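The structure appears right after this line, and notes come after that.
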Amino acid sequence: MANILIEKGDFFKYLYLEDKKIALKKISEGKEVEEVIASDCESDFDACFDDEGKLNLIYQNSEGELVLLILSEKGWHKKVLYSYPDKNTHLDNFTLLIKNKVVHLFYTLSSISKPREMLLIHQKWDKNWSGKNIALIKGPLLFPFYEVFLEDERNVHLLYTTVEKNKTQLYYLFYTQDSWSPKFLISESEKIFSPAISVDSQKNIHTLWIEEDIIQEIKYKKKTPGSWPKGNWTAATTLAYSTEIKNLHLSVIDNNLWGSYIQKDSLFATISSDSGNSWSKPFKLPFSLQEVEFFKLRAPLGNLQSNYIFLSKKGEIIPLEYKPRKEPEEKSTYFTFYIKEVQEYLNLLIKKLQTLKEEKSFLEEELNRKNAEIAMKNKNIFELQELLKQANEEKAKISLKADNYNTMVNRLMGENENLKRQIKDLQNQVLILNSKLESIKNATTFQKIKSLFIKEED
């Protein structure tokens, strides 16, 4: 994340995060003084000033607590706003805004079990806390993916991206009278990132973003004044194009719009002096990337209205302290493209299309190879199915034989039981006959003995 600038004058102070430590650094006359504010930060963080000029800082600590730190004359005061004891719950992407004693807090909540999804949450403090889950953000996303503009304590403008059906959507929402408007689709493309939003003194809503389909383009769109759903959105306009655009942000200086960004290894800007109706061609700023640092802005800097700035090592605020040349030949620069730029654009498109053709040829070859593999596998599958069919038929025959054998076994077992019963009956009959025979034998012997002593009468 970008460092957060909180004070700029003869010296400047900024907050930064390193090794889970949030530190406050002050640089004055080449001397640096550093203070570690928190040593257990498990997320990114944000900071802003309240109406009393006290610095407020928000982050999630290692214990899963949502922590608010407030700097007063007595030092840092800690408040735990909420605790998430579940270690799988992670808070991140904080935005903290305070105006007229009303606090607006935005952050994302995600779970380790669903790394490609996160809830974008809005919490508001106005005598008590109230909140709403604004959107389910789906990834993969290119960061940053949302930005907020606080118009006053009750009016908030939100721009965010999400991925649906392999496309990135850019949505706008408006918060007023304690409720959020329906979301409005600003744009849709292969990739969208770095949304930027601001509102000028005439209540025009200005939006910038980077859109990537074949190449990267900086797109602009504005909404004319009127509360929701009044007002009209203009058509999207391309302000610049390249292949390596980053750190895009929107600034308003004396009602002039500045779109500043890094393109490859240089710093560029494009300006509109008529509330976004026309824009200058992009021009290079006379600063090298080695000379500047990118900051989130939380310090009031005169007539500059912006969420981000570039700051040179000499302390120059870009673009606030940069004065573009005003020469006669540049009077006609307030339109988007020149012939030269169009030619460069077309050349870049041709190169991209050639690359896409090469990728297409490679993918077609890969597809043909995969189709051949699939055909071979389908043939193998057919052969296996035939073998399986034969095996099933053999199995059916064997099953039929097994059933017949089972029937025969059961019948033989039944006959065996009958034979056992018959044998047992015969054994019983033999026992009875043996008993009778024994009785007969005993009776005959008795008669013989009786005849010795007793003569039979005639």
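Given the structure is predicted, the values throughout are model-derived calculations rather than measurements.
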Checklist entry - Do other residues, nucleotides or ligands put more than 12 heavy atoms under 6.0 Å from the NZ atom of K25? => result yes
Next on the checklist: So does E291 get a backbone contact from the side chain of S312, meaning a donor-acceptor N/O pair under 3.5 Å?
Outcome noted: no
Checklist entry - Given side chains that start at C-beta, do those of S251 and L304 come closer than 4.5 Å, heavy atoms only? => result yes
Next on the checklist: Let's go through S110 and K114 carefully: what are the C-alpha distance in whole Å and the side-chain angles of both, what is the deciding distance for side-chain contact (heavy atoms from CB on, under 4.5 Å) to 0.1 Å, and is it a yes or a no?
Outcome noted: CA-CA 7 Å; S110 59; K114 295 182 178 180; over 6 Å; no
Checklist entry - With a 4.5 Å limit on heavy-atom distance, are the side chains of N307 and L297 in contact? => result no
Item to check | Backbone N/O of T176 and side chain of N155: donor-acceptor pair under 3.5 Å | outcome: no
Item to check | Pairwise distance OG(S28) to CZ(F12) - rounded to 0.5 angstrom | outcome: 10.0 Å
Next on the checklist: side-chain contact (heavy atoms from CB on, under 4.5 Å) for L97 and F149? Distances and angles first, verdict last.
Outcome noted: CA-CA 9 Å; L97 302 167; F149 182 86; over 6 Å; no
Checklist entry - Any side-chain donor-acceptor pair under 3.5 Å between T237 and K219? => result no
Checklist entry - With the threshold set at 4.0 Å, does a side-chain nitrogen-carboxylate oxygen contact exist between E190 and K167? => result yes
Checklist entry - Once you round to the nearest 0.5 Å, how far does NZ of K246 lie from CZ of F193? => result 11.0 Å
Checklist entry - Should we count CD of Q177 as having more than 12 external heavy atoms under 6.0 Å? => result no
In a table with atom names and distances, give each donor-acceptor pair under 3.5 Å that connects a side chain of residues 57-71 to protein atoms at least two apart or in another chain.
| from | atom 1 | to | atom 2 | distance (Å) |
| --- | --- | --- | --- | --- |
| Y59 | OH | D40 | OD1 | 3.4 |
| Q60 | OE1 | L91 | N | 2.9 |
| N61 | OD1 | E63 | N | 3.0 |
| N61 | OD1 | G64 | N | 3.2 |
| N61 | OD1 | E65 | N | 2.8 |
| N61 | ND2 | E65 | OE1 | 2.8 |

Checklist entry - So, do T243 and E212 sit near enough that their side-chain heavy atoms are less than 4.5 Å apart? => result no
Next on the checklist: Using a 3.5 Å distance criterion without hydrogens, assess whether the side chain of K8 forms a donor-acceptor pair with backbone atoms of G315.
Outcome noted: yes
Item to check | For L96 against D46, the heavy-atom pair lying closest together | outcome: N-OD2, 2.7 Å
Checklist entry - Is the backbone of K101 close enough, under 3.5 Å, to the side chain of D51 for a donor and an acceptor to pair up by distance? => result yes
Item to check | Rounded distance [0.5 Å steps], CG in D213 versus OG in S189 | outcome: 4.5 Å
Checklist entry - Does the distance from a Lys or Arg side-chain N to an Asp or Glu carboxylate O, for E52 and K54, drop under 4.0 Å? => result yes
Checklist entry - What are the two closest non-hydrogen atoms of G259 and L208, and how far apart are they? => result CA-CD1, 3.9 Å
Checklist entry - For residues 294-316, which residue pairs qualify under ring-ring contact (aromatic ring centres under 6.0 Å, His included), counting only residues two or more places apart or in two chains? => result Y14-F295, H249-F294, H249-F310, F294-Y308, F294-F310
Next on the checklist: Can you confirm whether L320 sits close enough to I309 that some side-chain heavy atom of one is under 4.5 Å from a side-chain heavy atom of the other?
Outcome noted: no
Checklist entry - Any sub-3.5 Å donor-acceptor pair from D50's side-chain atoms to V103's backbone N or O? => result no
Next on the checklist: Show, in sequence, the C-alpha distance, side-chain angles and deciding distance for I210 and Y261, and conclude whether the side-chain contact (heavy atoms from CB on, under 4.5 Å) test is met.
Outcome noted: CA-CA 10 Å; I210 299 173; Y261 58 96; over 6 Å; no
Checklist entry - So, E7 and K26, do they make that salt bridge, N to O below 4.0 Å? => result no
Checklist entry - Between T168 and I192, what is the shortest heavy-atom contact and its length? => result O-CD1, 3.5 Å
Checklist entry - Can the ring centroids of Y171 and Y160 be said to lie less than 6.0 angstrom from one another? => result yes
Item to check | Validation row: L55, W76 side chains within 4.5 angstrom (heavy atoms) | outcome: yes
Checklist entry - Are any side-chain N or O atoms of Q216 and backbone N or O atoms of I245, one a donor and one an acceptor, separated by less than 3.5 Å? => result yes
Checklist entry - So, do N93 and Y107 sit near enough that their side-chain heavy atoms are less than 4.5 Å apart? => result no
Checklist outcome for this item: Shortest non-hydrogen pair, L257 vs V252, comes out as CD2-CG2, 3.7 Å
Checklist outcome for this item: For S275 and S272, the nearest pair of non-hydrogen atoms, with its separation, is N-OG, 3.8 Å
Checklist entry - Where is the tightest heavy-atom contact between V163 and Q169, given as atom of each residue plus distance? => result C-OE1, 3.9 Å
Next on the checklist: So, taking the atom named CG in L120 and the one named CD1 in I134, what distance separates them when rounded to the nearest 0.5 Å?
Outcome noted: 4.5 Å
Checklist entry - Are any of the side-chain heavy atoms of K138 and R116 separated by less than 4.5 Å? => result no
Next on the checklist: Using the rule ring pair (Phe, Tyr, Trp, His ring centres under 6.0 Å), only one of F184, F174, W180 pairs with H157; which is it?
Outcome noted: F174
Checklist entry - Under 3.5 Å, is there a donor-acceptor pair between the side chain of T270 and the main chain of S280? => result yes
Checklist entry - Taking T108 for the side chain and D92 for the main chain, is one N or O donor matched with an acceptor at less than 3.5 Å? => result yes
Checklist entry - Do S113 and N88 have a side chain donor and acceptor closer than 3.5 Å? => result no
Item to check | Chi angles and distances behind the side-chain contact (heavy atoms from CB on, under 4.5 Å) call for Y146, I137 | outcome: CA-CA 10 Å; Y146 86 95; I137 307 294; over 6 Å; no
Checklist entry - Is L24 close to K13 at the side-chain level, that is, under 4.5 Å between some pair of heavy atoms? => result yes
If you look only at distance, which donor and acceptor atoms sit under 3.5 Å apart when one is on a side chain in residues 372-379 and the other is two or more places apart or in another chain?
| from | atom 1 | to | atom 2 | distance (Å) |
| --- | --- | --- | --- | --- |
| E373 | OE2 | R369 | NH1 | 2.7 |
| N378 | ND2 | I374 | O | 3.2 |

Checklist entry - Has F143 got more than 12 heavy atoms of other residues, nucleotides or ligands less than 6.0 Å from its CZ? => result yes
Checklist entry - Any chance CG of N371 has more than 12 other-residue heavy atoms, nucleotides or ligands included, within less than 6.0 Å? => result yes
Item to check | Check: I197 main-chain N/O paired with E147 side-chain donor or acceptor under 3.5 Å | outcome: yes
Checklist entry - Counting heavy atoms not belonging to D86, are there more than 12 under 6.0 Å from its CG? => result yes
Next on the checklist: Return the OH to CG distance between Y175 and L150, rounded to the nearest 0.5 Å.
Outcome noted: 11.0 Å
Checklist entry - About how many Å separate OG of S187 and CD of E211, when rounded to the nearest 0.5 Å? => result 3.5 Å
